[in-house]
Amino acid sequence: MGIVKTRNIGIAAHIDAGKTTVTERILFYTGTTRKMGEVHDGAATMDFMKQEQERGITIASAAISCAWLDHKINIIDTPGHVDFTIEVERSMRVLDGIVAVFCAVGGVEAQSETVWGQADRYKVPRFAFINKMDRQGADFLDVVRQLNDMLEANAIAYQLPIGNEENLQGLVDLVALKAVYFPNGEVEVREIPEDMIEEVKVHREHLLEKLAEFDDELAELFLDEQEIPTELIQKVTRESVLKNLFTPCFCGSAYKNVGIQPLMDAVVAYMPSPLVKGTIVGVDIHDHEKQHRRHPEADEPFSALAFKVIHDPYVGQQTFVRTYSGTIRIGDKVYNATTGKRERISRILRIKAKDREEMEEVGPGDIVAFIGLKNTYTGHTLCDEKEPLLLESLNIPEPVISVAASTKTRKELEKMHIALKKMTLEDPSFTVRTDERTNETVIAGMGELHLEVIVDRLKTEFGVDCVVGEPSVEYKETITKSIQHSHKHVKQSGGKGQYAHTVMLVEPNPDKGFEFVNAIVGGVIPREYIPSVQKGVEEAMVNGILADFNVVDVKVTLLDGSFHAVDSSEMAFKLCGRQGFKEAFLKCGPQLLEPIMKVDIATPDDYIGDLVGDLNRRRGKVHTMRRYRKGSQKINAEVPLMELFGYSTAVRSLSSGRANHGMEMKNFQPLPASLKEKVLETAKKRLGVED
């Protein structure tokens with residue numbers, strides 16, 4: 001199967017929409033597995049981590065290959081839980097298309113919007129599969145409406161369900177104008193039921209009217225009321241999906257084995273191959289303004305992006321890569337353009353969840369795992385050393401919650417640090433730092449579940465029995481004013497002394513992160529000491545100044561200074577940069593930033609008043625309330641994370657268990673001055689700092 005018959009797709013959605021069950025059915029019907037694994041039994045092929053099987057959720061995006069209609073399909077099943085959003089992010093970066101799964105009852109949920117936004121960011125073609133049509137309250141056309149109202153998806157029905165809820169029997173294909181039934185999971189094509197003919201006519205007309213907007217030939221036939229060939233409908237659909245002009249919507253019930261085979265037919269018919277997706281653009285490693293293009297052809301220079309790292313106990317480090325151009329063979333050396341180091345590929349594996357298939361070589365447009373790479377991690381570019389380029393990396397979210405982790409013995413502590421380092425390489429949204437004031441190890445992630453899984457993995461995979469403290473919010477420190485500050489570091493205690501002098505301008509750099517500018521002229525500070533000043537500033541930022549929170553969004557310009565021919569050293573300038581920045585920071589109107597969560601609540605009308613009142617008490621801002629289903633509404637709000645501990649219990653209590661909610665990280669915003677002292681006081685107690 002060549003590149004033309006390859007599809008790289010992802011299955012993505014809100015938690016509990018049924019992504020993993022959809023994938024399990026695809027694997028069964030493509031002959032990749034002989035038995036259908038069920039999530040609730042802990043037997044899903046794609047959920048192969050112990051933590052996934054125990055919780056019945058997907059945590060790590062799993063890659064698997066299968067075949068359908070003489071096409072090779074690489075599938076990535078991504079997590080739906082907001083705490084593992086990095087897994088979706090890295091998958092979106094390398095996919096050519098996604099099937100966004102929605103629950104026919106729940107519709108568009110909070111995490112659905114996040115996934116849709118991630119797909120928009122990477123311009124990934126997609127279509128929607130409305131799952132769980134057998135559930136009570138399922139409404140296919142209402143979910144299509146929600147896709148348009150809430151995601152601006154320009155969604156259009158390509159199928160209609162035959163029957164609904166427990167009476168779901170099959171579906172009508174609006175392109176082929178046939179009814180499809182699934183007795184015992186097999187496909188049986190029949191004529192459309194008499195009582196659906198009028199409804200089918202209306203939706204078929206609507207579909208053709210939509211497609212006529214994108215193709216002149218089809219528009220002409222439609223306006224002349226002539227028969228439109230199925231091949232033309234498929235051609236226009238394929239071209240429109242590639243350009244993200246609209247979203248075809250399919251329906252079914254993965255659990256009841258309804259609608260999976262037509263979904264796979266649609267993947268082959270409408271999703272782009274790597275060849276159709278076309279050229280990848282990277283930048284020159286020396287000049288980021290200059291671009292390089294790579295075509296998905298075997299004789300082009302090799303280029304690939306590493307998007308995931310797993311430490312496998314049997315084969316060592318597995319680096320998942322998406323290849324874009326060229327061919328690579330076992331034993332070949334590749335150039336890591338991100339680190340500037342060469343790496344050797346000892347094995348190439350095609351992954352089938354737990355199973356592995358050895359390969360001699362891999363060409364463009366594929367998703368495989370390389371074994372033998374020692375210094376290649378998530379977001380790194382692999383390429384031909386003679387023609388290097390840098391591909392766009394990933395958008396890594398900031399951690400919002402942290403816990404202190406400790407062990408009973410020093411030997412265990414070393415073991416824990418080695419394990420944590422491995423896990424930070426696997427998951428860039430998880431960070432580890434040692435607090436210099438208390439010497440504590442602090443681990444930070446995207447939520448309580450994220451950290452719970454990390455601690456669980458420490459015990460089960462790495463044999464580290466660690467103790468963790470109470471979770472606390474990861475605030476950030478920043479500044480509101482600019483200042484020019486001079487600092488001298490002078491130390492004389494017999495023998496060679498230490499001397500360094502810096503003058504730096506410290507100013508706010510909103511939403512742009514940290515920036516260091518060297519404006520030294522005339523050699524007043526020797527060139528070799530400049531990086532030491534920057535390193536000192538960065539160390540101060542990581543360890544925090546008001547407390548142990550990271551400093552963000554600051555620009556530091558090194559303007560002036562002086563040195564001593566004998567007493568100056570890299571260490572002296574590092575200490576000078578560090579202390580000088582600390583002093584300047586405290587004079588720049590320091591401010592704490594707190595993580596703000598976007599909260600979505602679906603609730604029956606009876607409980608809206610109580611839930612909105614509770615959000616107001618939590619310093620929440622309600623943005624919208626809109627009709628969700630008959631007799632129920634959806635509340636969209638922003639709430640500070642510090643006010644949301646134990647929120648699940650509150651929602652259940654206020655709505656008698658009838659409301660459900662989802663939340664995701666939105667951004668960091670200034671913490672009100674009235675709460676700043678309280679937060680700093682708590683931090684000082686935790687750090688054991690006396691006023």
Side-chain angles (χ1 to χ4, degrees), residues 3-13 71 73-74 76 88-89 91-102 108 112-113 115-130 144 147-159 174-175 204 206-223 228-250 263-282 291 293-297 305 322 324-325 364-365 391-392:
I3 189 170
V4 176
K5 292 195 171 184
T6 297
R7 301 287 183 272
N8 294 315
I9 64 161
I11 311 288
H71 283 64
I73 316 239
N74 293 319
I76 296 181
V88 185
E89 187 78 27
S91 302
M92 289 291 180
R93 176 65 187 82
V94 298
L95 292 169
D96 296 331
I98 62 162
V99 176
V101 181
F102 296 87
V108 176
S112 315
E113 296 187 45
V115 167
W116 206 262
Q118 287 169 314
D120 280 341
R121 182 157 55 244
Y122 294 112
K123 299 182 173 63
V124 185
R126 71 210 79 154
F127 44 66
F129 179 67
I130 317 300
V144 174
L147 282 165
N148 286 323
D149 291 352
M150 299 166 78
L151 301 178
E152 296 178 355
N154 205 2
I156 188 82
Y158 265 60
Q159 296 171 344
L174 292 173
V175 176
R204 161 87 170 187
H206 188 38
L207 168 61
L208 296 176
E209 192 180 343
K210 177 65 74 176
L211 291 177
E213 294 175 21
F214 309 121
D215 186 84
D216 292 343
E217 184 188 349
L218 194 147
E220 210 170 297
L221 292 170
F222 178 70
L223 292 170
I228 298 171
T230 301
E231 295 75 29
L232 181 59
I233 296 173
Q234 290 178 332
K235 172 181 165 281
V236 177
T237 301
R238 190 163 49 245
E239 289 168 356
S240 304
V241 166
L242 178 64
K243 294 172 186 168
N244 276 319
L245 297 174
F246 76 106
T247 307
C249 296
F250 305 90
L263 178 66
M264 291 304 290
D265 293 345
V267 165
V268 167
Y270 304 135
M271 283 292 182
S273 70
L275 198 64
V276 173
K277 197 77 193 296
T279 307
I280 185 84
V281 179
Q291 291 188 338
R293 294 176 181 276
R294 293 284 184 273
H295 305 287
E297 292 166 14
L305 186 79
R322 159 68 198 261
Y324 288 101
S325 62
L391 300 173
E392 181 192 359

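- Minimum heavy-atom separation, A212 to A219: O-CB, 3.4 Å.
- For F127, the ring-ring contact (aromatic ring centres under 6.0 Å, His included) partners are F250, not counting sequence neighbours.
- Heavy atoms from other residues, nucleotides or ligands lying under 6.0 Å from CD of E217 number 12 at most.
- Of all heavy-atom pairs between T279 and H295, the closest is OG1-ND1, 3.0 Å.
- Side-chain contact between P274 and R322 is present, with at least one heavy-atom pair separated by less than 4.5 Å.
- Closest of all the heavy-atom pairs between A128 and L147 is CB-CD1, 3.9 Å.
- Distance check: F129 CZ to I11 CD1 gives 9.5 Å after rounding to the nearest 0.5 Å.
- Taken to the nearest 0.5 Å, the NZ atom of K277 stands 12.5 Å off from the CD1 atom of I3.
- Within a 6.0 Å radius of CD in E152, no more than 12 heavy atoms belonging to other residues, nucleotides or ligands are found.
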Donor-acceptor pairs under 3.5 angstrom involving side-chain atoms of residues 228-242: please list them, not counting sequence neighbours.
unit_1, atom_1, unit_2, atom_2, d
T237, OG1, Y158, OH, 2.6
T237, OG1, I233, O, 2.7
R238, NH1, A269, O, 3.0
S240, OG, V236, O, 2.7

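- Side-chain contact check for L151 versus F102: some heavy-atom pair is nearer than 4.5 Å.
- Summarising the geometry, atom CG belonging to N8 is positioned 4.5 Å from atom CG belonging to N74; distances are rounded to the nearest 0.5 Å.
- Residues I73 and M264 meet the side-chain proximity criterion, which asks for heavy atoms closer than 4.5 Å.
- Distance check: R126 CZ to L95 CG gives 12.0 Å after rounding to the nearest 0.5 Å.
- For the ring-ring contact (aromatic ring centres under 6.0 Å, His included) test, residues two or more places apart in sequence or in another chain that qualify with F246 are F214.
- Side-chain contact between V175 and Q159: absent, with no pair of heavy atoms (C-beta onward) separated by less than 4.5 Å.
- For the atom pair N154 CG and N148 CG, the distance stands at 6.5 Å (nearest 0.5 Å).
- Residues R7 and M271 come closest through the heavy atom pair NE-O, 2.9 Å.
- Nearest heavy atoms, L218 versus L208: CD2-O, 3.7 Å.
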query = How far apart are the C-alpha atoms of I98 and Y122, what are their side-chain angles, what is the distance that settles it, and do they pass the side chain to side chain contact (heavy atoms under 4.5 Å, CB included) test?
reply = CA-CA 11 Å; I98 62 162; Y122 294 112; over 6 Å; no
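- In this structure a side-chain-to-backbone donor-acceptor pair under 3.5 Å is missing from S325 to R294.
- In this structure, Q291 and R293 approach most closely via the heavy-atom pair OE1-NH2, 4.0 Å.
- Between the CG atom in D215 and the CG atom in L221 there is a gap of 9.0 Å [rounded to 0.5 Å].
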